[in-house]
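Note that ligands are numbered from 1 as they come in the structure, with each ligand's atoms numbered from 1 the same way.
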Amino acid sequence: MKKRRTLIYIISILLLCVAGFLIYRSVSREPAPEYVFTYAENQSEGYPTSMGAYYFADLVRERTNGRIRIIVYPNGTLGREADVLNQMRYGGVDFARVSLSQLAELDPNLNVLQMPYLYNDADHMWAVLEGTIGEYFLEDVECVDLTGLSWYDAGARSFYTVGKPINRVSDIKGMKIRVQQSELMVDMMECLGAEAVPMSYEEVYAALELGTIDGAENNWPSYEDTGHYKVAKYFCEDEHTRIPEMQLCASHTFNMLSESDQEIIRECAKASALYERELWASRVEESRTVVQRSGIVITSISRREKELFREKMAPVYEKYCSEHMDIIDEILKAQ
Ligand code: GCU
C-alpha cells in the first residue's frame, strides 16, 4: 500500500515536471519582440475604449506571433490628450485613441464631423463614419503626421450642472461650463451665452467640486466613470453633440513597418473598434443605471428648445463649415 502511494507520488511529480517543461517551451517559443510600442488612453482600465485597446494589443500580438507588442497605458498615464498628440508627432508615443475635438485642433477639417446636432442618432453617425466620408477623414490626419486606423464610439454628449438644472436653452446663459480644449466647443458655448472654460478631462472633477465651474458636458459612461455625477447631480439629456473618437498610430511608427504588418495593424484596429462599439452600448445602460441609483436628477429639453439650440448654432456652422458644405450635405443625406 505504502509502495503504491510512493509510486503515485513519483508519477505525479514527473507529470508536473513534464507539464512545466512543455509550458516553458511553448512560452519561450514566442520570439523576442521585434517592436515594442506604447499606446496612450486617457480613460480608466475597465472603460470600453481601454478594453478596445487591450483587445487590439492582444490581437496584434497573436497575429504577429509576438513580434509586435503594444503596451497600453490607461488613465492618462502618458499625458493629457493634447500632449499625447504632440508626443505622437514628435516621437514619444506610438498609438492612441483620442476624442475628435482634440484632434480637430490639429486638423481643423475634422470639425465638420462634430458639429452640434449634426447626426439624428447613432445609426446616422455610423452610416457616415463607415462610409466614404469616414475613410476620407481617417486618411486626412496624415497631413499632421498621424495615421487614422479606426473609429471608436463615444455616444452623445449632454450637459450636467451643479447648482440648478437645465430645462431650456436660456438656462445655460451665464453659466461657466467646462468644454474640451477645442475652439469649436468654446464658440458653441459662447453662442449659448455661457462662459466656456476649456480644460483637460483630468481637471474637471476638482473644478466641479470647488465650484470653479457650474457644469460640464459629456456622455453617460464618462459622467459615471469619472464620478462627476457625485458633484454635478443635474443631467440634462439634450444630446447636443456626438463626437466620435479615432484610434491612431504615429506615422513615423507606422511607416517603419512592412506592408504586411501595416495591414495587420489596420485589420486588428478595425476589429477592436467593433468590439468597443459592442461594449459601448451596454456600458451606456450600466452607467445610466448606476448614476440614477445615486439619485441624480435627469431633465430633457423639448423639441422646440432643440430647434432654438440649433438656430443659435448658425454662426458656428458658418465659421467651421462654409468651406465644407458639400460634406455637410452628404452627411445630412446619409440619415
Ligand atoms: C470623453 C472622451 C475623452 C475626452 C473627454 C473630455 O470622455 O472619451 O477622450 O478626453 O470626453 O471631455 O475631455
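- Taking 4.0 Å as the cut-off, Arg157 counts as a neighbour of ligand 1 on heavy-atom distance.
- With Arg288 contributing its side chain and Trp220 its backbone, the two residues share no donor-acceptor pair below 3.5 Å.
- Classified by interplanar angle (parallel below 30°, tilted 30° to 60°, perpendicular above 60°), the ring pair Phe235/Tyr223 is tilted.
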How far apart are the C-alpha atoms of Glu135 and Lys270, what are their side-chain angles, what is the distance that settles it, and do they pass the salt bridge (charged side-chain N to carboxylate O under 4.0 Å, His left out) test?
CA-CA 12 Å; Glu135 276 308 315; Lys270 294 246 150 85; 3.3 Å; yes
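- Residue-level proximity to ligand 1 for Asn42 is carried by the side chain, the only part with a heavy atom below 4.0 angstrom.
- Scanning all protein heavy atoms for the shortest distance to atom 5 (C) of ligand 1 gives Tyr201 CD1, 3.6 Å.
- If you look at Ala154 next to ligand 1, there are no close heavy atoms at all, none under 4.0 Å.
- Considering backbone and side-chain N/O of Asn219, none are found under 3.5 Å from N/O of ligand 1.
- Ring pair Tyr39/Phe95 is parallel by interplanar angle, where below 30° counts as parallel and above 60° as perpendicular.
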Please report the C-alpha distance between Lys306 and Glu239 in whole Å, then the side-chain angles of each, then the deciding distance to 0.1 Å, and finally whether the salt bridge (charged side-chain N to carboxylate O under 4.0 Å, His left out) criterion is met.
CA-CA 10 Å; Lys306 277 191 186 172; Glu239 303 198 332; 5.6 Å; no
Between Glu190 and Lys319, is a salt bridge (charged side-chain N to carboxylate O under 4.0 Å, His left out) present by the stated rule, with each step listed?
CA-CA 13 Å; Glu190 283 172 1; Lys319 177 169 171 188; over 6 Å; no
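- Ligand 1 has a nitrogen or oxygen under 3.5 angstrom from a nitrogen or oxygen of Asn218.
- Cation-pi check for Arg310 over Tyr117 is met; the charged atom lies under 6.0 angstrom from the ring centroid and within 45 degrees of its normal.
- Remark: the Arg242 side chain and the Asn219 side chain contain no N/O donor-acceptor pair separated by less than 3.5 Å.
- Looking only at heavy atoms of the protein, atom 9 (O) of ligand 1 is closest to Glu81 OE2, 2.6 Å.
- In this structure, of Glu41, Arg178, Met185, Gln43, the residue bringing a heavy atom nearest to atom 6 (C) of ligand 1 is Arg178.
- In this structure, Arg97 counts as a contact residue of ligand 1, since one of its heavy atoms falls inside 4.0 Å of the ligand.
- At least one N or O atom of Glu245 sits closer than 3.5 Å to an N or O atom of ligand 1.
- Counting only heavy atoms of the protein, atom 7 (O) of ligand 1 lies nearest to Ser222 OG, 2.7 Å.
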